[in-house]
Amino acid sequence: MNRECEERKNQNIQGSDSLVSIIVPVYGAEDYIEETIRCVEKQTFHNWELILVDDCGGDESLSVMQRVRESSACKDQIRIIQNERNMGAAESRNHGVREARGRYIAFLDADDLWLSTKLEEQLLFMRQKNVGFSFTSYEFGDAEGVPTGRVVHVPNRLDFRHALSRTVIFTSTVLFDTAIIPKELIHMPDMASEDTALWWSILKEGYTAYGMDRALTIYRRPASSLSSNKGAAVKRFWNLLREVAGCSVVSALFHLIGWAFHATVRRIWFRKISNHIDGWNRVVVLLSEFAEVIMAAVIYGIYWFRVYYPALERPRISRDGYNFGVGLKLYHRGHILVLAIYLVLMFIMMKAMQGDKAGEQKPGSRFLNQLLALTLVNVITYFQLSLMKNWLMPVMPMVYITLWQALGSFIISYLTYSIYRGLFSAREMLLISGTEDVDSILSRFTTRSDMYYISRVVNTQAVAVHDIEKMAGEFGNVILWSVSEEEKSRLVKYCYAHGINVYLMPETEDVLVRGSGIIHQFSTSIYLLRNHPMEIEQRMAKRLLDIILSILLIGVLSPLLLVIAIFVKCSGGTIFHGSERVTKNGKCFRMLKFRTVKEVCPDGTLRYIRGGQGLRRSHLDELPQLFNILKGDMSFIGPRPDRIKTYKERCSANPLYSCRTRVKAGLIGYTQVYGKYNSSAEERLNLDIEYIQNFSLLLDVKLFFFIFKCFTGADDERQV
């Protein structure tokens, strides 16, 4: 223990910028305090100071603390301070806070225990979310500190209003960042439930507490104390509502009922359901998908019976007077079949457009995908109805159907997202990295902190693989990032064998193998990696689709093109700006863009004027590339074209980069559709190769309907 602690002390990051001050009030804890000190010494985060505040308990706690400190190799990090008299837990903690030197303040009760990774994981959590107040889940332990398996889970976040109806923040799990939460606010009042009073007083100032749903603390609770006085608890909570929160009688009663309700629901949910969390997760996703499809089918069914079937039921007579015969006659089974076909078509299109990803996608993105699916299905259905009528059907009812379905989809998307995020916490993940630079990795996952958070980072260069395997067993989700092939192979096999989800950062060869074909002509399956991405019939169909769509869009958008051209011309200079780019097989072409209106400022920077910045940010300046597509230099879907200099530099650095030009350059590609505007060159290459190796016309059609979504994205030119 001494040698290990000495090594850790030598590795400490000195200075108060990352120092954690751990405040432990000690009163009548002679049986527990040594074990509590040892659990702090075992922390994998090393830059801490332990402040033990002796509250004159009249037992041997002080002598035990002194003995443990003198025998510890970390004794320079342990401080013992004494109250002049018994002052209680609240004032003892306040005394410790005043003496604290660290940026971070953590509380730990003298009889509670921390897991060895508690500080490391919680600090990483706060760093990713940039928050000043965090707390974690905790697990009950018996009198010996042995975990009982009963875990109290916590919500993702807690503001003042929601905190008034729940008491889930346990003192020994709290960590403050005084760079965000002023140190003077961390002051416990002298009253019952002083810890909850402190949380509320801080939240009342407008701060938010963020919960980390990982049990990193053991709450030592002997069997004799398991049945607490519910009446006293209700009284304490009522006093908090009235004195600390300042609630009126009516408001306090409302929050008291909410507190009781949340306590009951928490017990039922986490005791009965959380053990099968993955199954319930999938149930919510399926119910959301079912609700979307049924909603769309019901709205279509209403218009079918009120508008379209009556129109189909009438005799079919064309506008020039030709009689096609009697109208359509259906019985109930026929109506069921019509609605069933619509239902199946909607289900398939929702899957194709990824409109079924409840919880995984943000509600706005999911709604857009669903809107695309709804539009496609209704366009197909409209022409089906017209064929049944032998003439074009009224189009406005189908427009109304789409609008009502869009409204329902909007409501369901945001409602199910709220339910999903309320029931399921973000997935905690172990990051296994082969590089020291993890900031860029953390920043990627921070953008979806509602879905994922990295609770621990381990480097394969510093920790043996067999030790990493043991750590992986504690997590349900593991990220492998920039690890060697040998380590990746071993860890993937281990995680798969032990039921651990693995998230991989793919290398280029992984992307190539994923897009290969499979031959089943031998005793084992063989992967075939083709050196040509498209068959001749696919190239012909893709070109035909480009010609049709470009002519159609140029015709539809011609008024907008004319307005922009006039605006640019009136600003002075030429209308179009061309730059030399690289397309299929390394061929150069002149890519057209509207000239964005800008001027050079005195400091040398560019400033957009007269709407030029809005034109560029909205990507409307790229509309002239429709003519490049019609000419054949570009396609609607494909890798974004590089400038000649950039292309040559990247090909020199990585010969595989030239593989991007096995197809024509595109108006949009995987990089734009999936929002990877700030990706590295290697990651962009992987995305482009993934598109090339998995090419299909269906994929092109799907990506085409994301064009207007991408036109509202970030400016892609900065990367090329």
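Every value quoted in this text rests on a predicted model; they were computed, and no experiment measured them. In this chain, numbering begins with 1 at the start of the sequence shown.
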**Q** If the plane angle is over 60° it's perpendicular, under 30° parallel, otherwise tilted; pick one for Phe170 and Tyr138.
**A** tilted
**Q** Looking at Tyr503, I want to see if its OH is surrounded by more than 12 non-hydrogen atoms of other residues, nucleotides or ligands under 6.0 Å.
**A** yes
**Q** Determine, step by step, whether Ser635 and Val663 satisfy the side-chain contact (heavy atoms from CB on, under 4.5 Å) criterion, reporting the C-alpha distance in whole Å, the side-chain angles of both residues, the deciding distance to 0.1 Å, and the verdict.
**A** CA-CA 9 Å; Ser635 178; Val663 297; over 6 Å; no
**Q** My understanding is that only residues two or more places apart in sequence, or in another chain, count here; which of them pass salt bridge (charged side-chain N to carboxylate O under 4.0 Å, His left out) with Asp546?
**A** none
**Q** Looking only at heavy atoms, what is the nearest atom pair of Ala296 and Met346, with distance?
**A** CB-CE, 3.9 Å
**Q** Would you say that Phe133 contacts Leu158 through its side chain, given a criterion of any heavy-atom pair below 4.5 Å between the two side chains?
**A** no
**Q** Decide side chain to side chain donor-acceptor pair (under 3.5 Å) for Thr136 and Gln122; before the verdict, give the C-alpha distance in whole Å, the side-chain angles of both, and the deciding distance to 0.1 Å.
**A** CA-CA 8 Å; Thr136 75; Gln122 195 168 1; 5.1 Å; no
**Q** So do the side chains of Val293 and Leu343 get within less than 4.5 Å of each other, counting heavy atoms only?
**A**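 Heavy-atom side-chain distance check passes, below 4.5 Å.
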**Q** Please walk me through it: do Leu504 and Val492 pass side-chain contact (heavy atoms from CB on, under 4.5 Å)?
**A** CA-CA 9 Å; Leu504 289 170; Val492 166; 4.1 Å; yes
**Q** With distance as the sole test, does Ser386 use its side chain to make a donor-acceptor pair with the main-chain N or O of Met393 at under 3.5 Å?
**A** yes
**Q** If you look at every heavy atom in Met634 and Leu667, which pair is closest and at what distance?
**A**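 It is CE-N, 3.8 Å.
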**Q** Can you sort out the partners of Glu139 under salt bridge (charged side-chain N to carboxylate O under 4.0 Å, His left out), two or more places apart, ordered by chain and number?
**A**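 If we apply the salt bridge (charged side-chain N to carboxylate O under 4.0 Å, His left out) test to Glu139, skipping adjacent residues, there are no hits.
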**Q** Strictly distance-based, threshold 3.5 Å: is any side-chain N or O of Asn686 a donor or acceptor partner for the main-chain N or O of Pro506?
**A** yes
**Q** Contact between Leu374 and Met350 at the side-chain level, heavy atoms closer than 4.5 Å - yes or no?
**A**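 Yes. Closest side-chain heavy atoms under 4.5 Å.
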**Q** Could you tell me whether Phe305 atom CZ has more than 12 heavy atoms of other residues or ligands within 6.0 Å of it?
**A** yes
**Q** Between Pro559 and Gly555, which heavy-atom pair has the shortest distance, and what is it?
**A**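 In terms of heavy atoms, the two residues are closest at CD-O, 4.3 Å.
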**Q** Is there a side-chain contact (heavy atoms from CB on, under 4.5 Å) between Ile412 and Phe367? Walk through the geometry before answering.
**A** CA-CA 9 Å; Ile412 292 175; Phe367 167 69; over 6 Å; no
**Q** Is the shortest heavy-atom distance from the side chain of Ser409 to the side chain of Leu371 under 4.5 Å?
**A** no
**Q** Measure the shortest side-chain to side-chain distance between Ile401 and Tyr308 over non-hydrogen atoms and say whether it is less than 4.5 angstrom.
**A**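 Side chain of Ile401 against side chain of Tyr308, heavy atoms only: contact under 4.5 Å found.
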**Q** Between Ser413 and Arg366, which heavy-atom pair has the shortest distance, and what is it?
**A**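 Heavy-atom minimum between the residues: CA-NH1, 3.9 Å.
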**Q** Find out whether Lys351 and Glu289 are in side-chain contact, i.e. whether some heavy atom of one side chain is under 4.5 Å from a heavy atom of the other.
**A** yes
**Q** Show, in sequence, the C-alpha distance, side-chain angles and deciding distance for Met349 and Ile380, and conclude whether the side-chain contact (heavy atoms from CB on, under 4.5 Å) test is met.
**A** CA-CA 11 Å; Met349 202 60 69; Ile380 295 171; 4.2 Å; yes
**Q** Ignoring hydrogens and angles, write down the donor-acceptor pairs under 3.5 Å from the side chains of residues 297-304, residues two or more places apart or on other chains.
**A**
residue: Trp304; atom: NE1; partner: His335; partner atom: ND1; Å: 3.1

**Q** Short question: side chain of Lys542, backbone of Ile637 - any donor-acceptor pair under 3.5 Å?
**A** yes
**Q** Do the side chain of Thr381 and the main chain of Val377 share a donor and acceptor less than 3.5 angstrom apart?
**A**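 Confirmed, Thr381 side chain pairs with Val377 backbone.
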**Q** To the nearest 0.5 Å, what is the distance between CG (Leu553) and CZ (Phe636)?
**A** 4.5 Å
**Q** When rounded to the nearest 0.5 angstrom, what is the spacing between CD1 in Ile411 and OG1 in Thr416?
**A** 11.5 Å
**Q** Does the pair Asp213 and Ser137 meet the rule for a side chain to side chain donor-acceptor pair (under 3.5 Å), with working shown?
**A** CA-CA 5 Å; Asp213 195 17; Ser137 301; 2.5 Å; yes
**Q** Give the ring-plane orientation class for Tyr691 versus Phe695, where under 30° counts as parallel, over 60° as perpendicular and anything between as tilted.
**A** perpendicular
**Q** Got Val502 and Leu480 here, is their nearest side-chain heavy-atom distance under 4.5 Å?
**A** yes
**Q** Are Leu164 and Phe254 close enough that some pair of their side-chain heavy atoms sits under 4.5 Å apart?
**A** no
**Q** Work out which heavy atom in Met126 is nearest to a heavy atom in Ser134; give both atom names and the distance.
**A** SD-OG, 3.1 Å
**Q** How long is the straight-line distance from NZ of Lys204 back to CH2 of Trp200, given to the nearest 0.5 Å?
**A** 10.0 Å
**Q** Taking atom CZ of Arg456 and atom CG of Leu431, what is their separation to the nearest 0.5 Å?
**A** 11.5 Å
**Q** Look up atom CG in Leu392 and atom CG in Leu387, then write down how far apart they are to the nearest 0.5 Å.
**A**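 Going from the CG atom of Leu392 to the CG atom of Leu387 covers 9.5 Å.
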**Q** List the atom of Leu561, the atom of Ile554, and the distance in Å for their closest heavy-atom pair.
**A** CD1-O, 4.4 Å
**Q** State the OG1-CZ distance between Thr208 and Phe160, to the nearest 0.5 angstrom.
**A** 12.0 Å
**Q** Given 3.5 Å as the limit, does a donor-acceptor pair link the side chain of Thr402 with the main chain of Met398, or not?
**A** yes
